[in-house]
Amino acid sequence: MLDQIHLLAAVTVLGVLEQAYFFLQVIYARRMFGIPPPKTSGPPEFERIFRAQVNCSEYFPIFVALLWQAGLFFHQGLAAALGLLYLYSRYCYFIGYRASSSERLAPIYFGTGVLWILVAVSALGLLHFFLSHYAGLNVLQLLAA
């Protein structure tokens, strides 16, 4: 079983470490700009860092759920590769947003595209499972015939 989930687990740990990095960037920004918690407003430079971290945190549970569904029901390697692309897009998003609000757009569109691909492969994997498990139809065998 572990050989079927090790790539997913590795990408999940990388994602958690990325989230920790984003969180630390907010702590550093709070210190740099003198913004004590729980305040969330201040100079635009601080607010961009804060918003980038919050936005990344909001999407993280969606990403993890899709990563694991795609990996378990479709293909672990493809899901892990898509997961790495998503994490890279989120890093680019964070760095871009930190620099300027307009710099976040290309990475967020790319990352959203990756999430939609994860949705599609998750749905295909689940559909194949349900058809083969409950209806006795093996779509892969039907396509090969």
Side-chain angles (χ1 to χ4, degrees), residues 1-30 32 35 37-42 44-145:
M1 169 80 179
L2 292 179
D3 61 330
Q4 297 173 359
I5 62 170
H6 66 284
L7 296 175
L8 302 174
V11 172
T12 301
V13 169
L14 284 174
V16 169
L17 291 173
E18 182 177 66
Q19 291 297 309
Y21 170 77
F22 296 157
F23 182 72
L24 288 173
Q25 295 306 302
V26 172
I27 291 173
Y28 298 143
R30 283 187 181 283
M32 184 179 2
I35 312 288
K39 286 181 66 177
T40 59
S41 60
E45 296 83 4
F46 169 77
E47 289 183 7
R48 286 195 309 268
I49 293 169
F50 179 78
R51 285 302 317 154
Q53 183 270 325
V54 169
N55 291 347
C56 290
S57 294
E58 289 170 346
Y59 276 85
F60 191 67
I62 297 167
F63 161 68
V64 171
L66 290 172
L67 172 74
W68 281 85
Q69 287 177 34
L72 293 175
F73 289 99
F74 193 83
H75 190 275
Q76 177 189 204
L78 177 63
L82 290 168
L84 291 174
L85 280 175
Y86 178 78
L87 293 178
Y88 178 70
S89 74
R90 274 299 170 171
Y91 177 77
C92 292
Y93 168 82
F94 186 88
I95 298 303
Y97 204 167
R98 184 173 63 184
S100 164
S101 61
S102 63
E103 294 291 319
R104 77 190 194 289
L105 295 176
I108 196 67
Y109 294 146
F110 182 79
T112 300
V114 172
L115 283 180
W116 278 111
I117 294 170
L118 283 170
V119 167
V121 296
S122 296
L124 286 172
L126 283 166
L127 179 64
H128 177 263
F129 175 80
F130 288 135
L131 287 175
S132 63
H133 189 73
Y134 294 110
L137 295 173
N138 189 327
V139 176
L140 297 177
Q141 285 179 348
L142 291 174
L143 291 175

**Study point:** Heavy-atom closest pair, residues I108 and R90
**Key:** CD1-NH2, 3.3 Å
Check your understanding: Quick one: OH on Y28 to CZ on F23, what's the gap to the nearest 0.5 Å?
Key -> 11.0 Å
Review point. Is the backbone N or O of D3 less than 3.5 Å from a side-chain atom of H6, with the two atoms forming a donor-acceptor pair by type?
Key: yes
Exercise for review: Return the minimal non-hydrogen interatomic distance between F110 and S89, and the atom names on each side.
Suggested key: CD2-CB, 3.6 Å
Point to revise | From CG (L67) to CD (Q76), nearest 0.5 Å | key: 9.0 Å
Exercise for review: Indicate yes or no: at least one non-hydrogen side-chain atom of L126 is less than 4.5 angstrom from one of Q69.
Suggested key: yes
Point to revise | Non-hydrogen atoms of A29 and I49 that approach each other most closely | key: CB-CD1, 3.9 Å
Practice item. Evaluate side chain to side chain contact (heavy atoms under 4.5 Å, CB included) for T12 paired with W68, printing each intermediate quantity in order. Key: CA-CA 9 Å; T12 301; W68 281 85; 2.8 Å; yes
Check your understanding: Side chain of R104, backbone of S101: donor and acceptor closer than 3.5 Å?
Key -> yes
Exercise for review: Any chance you could measure C92, atom SG, to L87, atom CG, to the nearest 0.5 Å?
Suggested key: 11.0 Å
**Study point:** Nearest non-hydrogen partners of K39 and R30, listed with the distance
**Key:** O-NH1, 2.7 Å
Check your understanding: So does F60 have more than 12 non-hydrogen atoms from other groups sitting under 6.0 Å from CZ?
Key -> yes
Review point. Taking atom CZ of F73 as the centre, does the number of heavy atoms from other residues, nucleotides or ligands within less than 6.0 Å exceed 12?
Key: yes
Review point. With a 4.5 Å limit on heavy-atom distance, are the side chains of L66 and Y86 in contact?
Key: no
Revision key, fill the gap. One should read off an interatomic distance between Q19 CD and S57 OG, to the nearest 0.5 angstrom, of 4.5 Å
Review point. For the residue pair Y134 and F129, does the interplanar ring angle fall in the parallel (under 30°), tilted (30 to 60°) or perpendicular (over 60°) class?
Key: perpendicular
Exercise for review: Taking the side chain as every heavy atom from C-beta outward, state whether V54 and V26 have any pair of such atoms under 4.5 Å apart.
Suggested key: no
Point to revise | Neighbour count above 12 (heavy atom, 6.0 Å) for Y109 OH | key: no
Review point. Is any side-chain heavy atom of Y59 closer than 4.5 Å to a side-chain heavy atom of T112?
Key: no
Check your understanding: Is the shortest heavy-atom distance from the side chain of Y93 to the side chain of N55 under 4.5 Å?
Key -> yes
Study note, to complete from the structure: CD (E45) and CZ (R98) are apart, to the nearest 0.5 Å, by 12.0 Å
Point to revise | Distance, nearest 0.5 Å, that separates NE2 of H75 from CG of L82 | key: 11.0 Å
Review point. Which atom pair, heavy atoms only, marks the closest approach of L72 to I5?
Key: CD2-CG2, 3.6 Å
Review point. Taking all atoms of both residues into account, what is the closest heavy-atom pair of L118 and A70, and its distance?
Key: CD2-CB, 3.8 Å
